[in-house]
Amino acid sequence: MSFSIATWNINSVRLRMPIVERLLDEYAPDVLCLQETKVPDELFPEKAFRKVGYPYIAFHGQKGYHGVATVARRPIEVVEKRRFCDIEDSRHLSVTVQAGVKTILVHNFYVPAGGDEPDPEINRKFRHKLDFVAEMNAIRAEHGEVSASVLVGDLNIAPLEHDVWSHKQLLNVVSHTPVETESFEAMRRAGGWVDLMRHNVPSEQKLYTWWSYRAQDWEASNRGRRLDHVWSSANLVPSFAGYEILRAARGWDRPSDHVPVIARFDLG
DNA sequence: ATGGTAGAACATCTA
């Protein structure tokens with residue numbers, strides 16, 4: 001059987017419902033993980049999701065900022081809403097879903113952006129980001145005969161040279177500084193996670209999932225970064241059937257600055 | 001080196 005999962009930072013789920021519905025209608029992922037929902041749980045637009053065939057909904061939101069939600073066409077069970085760095089921010093949600101013979105544990109993350117100044121001594125937001133990534137070392141790619149793990153989300157770090165439009169020009173820009181990219185890759189490997197978007201993609205190929213709102217013409221300047229990620233436990237790699245970065249969604253009406261990434265698996 | 005946009009919520013914070 002086929003299983004697909006999408007991740008998308010939508011920068012306000014309520015404002016973005018029209019294009020979220022477009023994604024679900026055109027691509028029909030089994031599971032959609034959203035970040036920056038910017039809505040408290042009691043105001044989450046559950047009805048709109050139910051109406052378009054996504055009645056299974058889990059959220060971890062708060063007023064105004066951050067917030068993650070995972071919606072699905074088939075049942076999901078909430079496992080955890082983990083708190084990081086002893087701060088009440090809503091930045092994590094894990095659920096399980098059945099896919100073929102396997103139970104998949106799906107982590108949905110929204111890692112702190114980290115502010116502008118890449119010095120943890122001066123900028124508490126950057127300190128928070130580094131601490132958050134360090135704490136993510138505890139999130140392991142649990143797997144067994146009939147279980148596997150997936151970790152998706154806006155991780156706000158572009159780890160490789162060609163995950164940004166200019167490696168040299170972004171070395172001192174938050175999201176691509178060596179202290180971030182090195183601890184990020186170390187954390188990923190320590191957890192046993194496979195970076196599926198780079199699996200079978202040459203390291204010199206540019207990959208972006210985010211284009212700033214501040215560009216006059218995002219498409220012409222194309223100064224993108226790969227901030228959104230899809231990771232899995234190693235035992236899912238043989239079932240991995242490819243993925244798509246929906247670049248066109250950056251040009252949809254009232255877009256998010258991030259685009260969806262959809263990964264597919266063929267599971268027995 | 002600077003400033004540019006977007007959203008929540010209604011002054012600023014966050015990104």
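To find a chain, count down the sequence lines: A is the first, B the second, and so on, and within it residues start at 1.
- The nearest heavy atom of DNA chain B to A:Ala215 and to A:Asp257 marks one nucleotide each, and the one closer to the 5' end goes with A:Ala215.
- The shortest distance between the side-chain N/O atoms of A:Arg16 and the OP1/OP2 oxygens of B:dA6 is not below 4.0 Å.
- Across the protein-nucleic acid pair, A:Lys125 atom NZ and B:dT12 atom C1' stand 11 Å apart, rounded to whole Å.
- With both ends at atom P, the span from B:dG3 to B:dG7 equals 23 Å, rounded to whole Å.
- In this structure, A:Asp41 does not pair ionically with A:Lys63, as no charged nitrogen and carboxylate oxygen lie closer than 4.0 Å.
- In this structure, A:Lys38 atom NZ and B:dG7 atom P are separated by 8 Å, rounded to whole Å.
- With rounding to the nearest 0.5 Å, the separation of CD1 in A:Ile87 from NE2 in A:His128 is 3.5 Å.
- Distance CH2 (A:Trp210) to P (B:dT14): 18 Å, rounded to an integer number of Å.
- When the P atom is used for both B:dT14 and B:dA9, the distance is 14 Å, rounded to whole Å.
- Using a 4.0 Å heavy-atom cutoff across all strands shown, A:Arg250 reaches no nucleic acid atom at all.
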From CA spacing to verdict: side chain to side chain contact (heavy atoms under 4.5 Å, CB included), A:Val31, A:Arg74: CA-CA 8 Å; A:Val31 175; A:Arg74 57 174 95 162; 5.6 Å; no

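- Between the side chains of A:Trp211 and A:Asn222, a donor-acceptor pair is found at a separation under 3.5 Å.
- Residue-to-nucleotide proximity on DNA chain B shows that, of A:Pro255 and A:Asn156, the 5′-proximal contact is made by A:Pro255.
- Rounded to whole Å, the separation between the P atoms of B:dT12 and B:dA1 comes to 29 Å.
- The same atom, P, is picked in B:dT2 and in B:dA6; the two are 23 Å apart, to the nearest Å.
- Between B:dG7 and A:Arg254, a contact under 4.0 Å exists linking OP1 or OP2 to a side-chain N or O.
- Closest to the side chain of A:Glu36, from the set B:dA9, B:dA15, B:dT14, is B:dA15.
- To the nearest angstrom, P of B:dA15 lies 23 Å from CH2 of A:Trp218.
- Out of B:dA9, B:dA15, B:dA6, the shortest distance to the side chain of A:Tyr213 is found at B:dA6.
- Contact check on A:Asp163 versus A:Arg198 returns a salt bridge, with a Lys/Arg side-chain nitrogen under 4.0 Å from an Asp/Glu carboxylate oxygen.
- To the nearest angstrom, P of B:dA15 lies 16 Å from CD of A:Glu117.
- Atom CZ of A:Arg223 is separated from atom C1' of B:dT2 by 13 Å (rounded to the nearest Å).
- Under a 4.0 Å N-O distance rule, the pair A:Glu80/A:Arg82 qualifies as a salt bridge.
- In the set B:dA15, B:dA9, B:dG7, the nucleotide with an atom closest to the side chain of A:Ser12 is B:dG7.
- The phosphate of B:dA15 (OP1 or OP2) has a side-chain N or O of A:Arg91 nearer than 4.0 angstrom.
- Look at CG on A:Asn9: it is 14 Å from C1' on B:dA8, rounded to the nearest Å.
- The CG atom of A:Asp217 sits 18 Å away from the P atom of B:dG4 (whole-angstrom rounding).
- Checking the phosphate oxygens (OP1, OP2) of B:dC13, no side-chain nitrogen or oxygen of A:Arg124 falls inside 4.0 Å.
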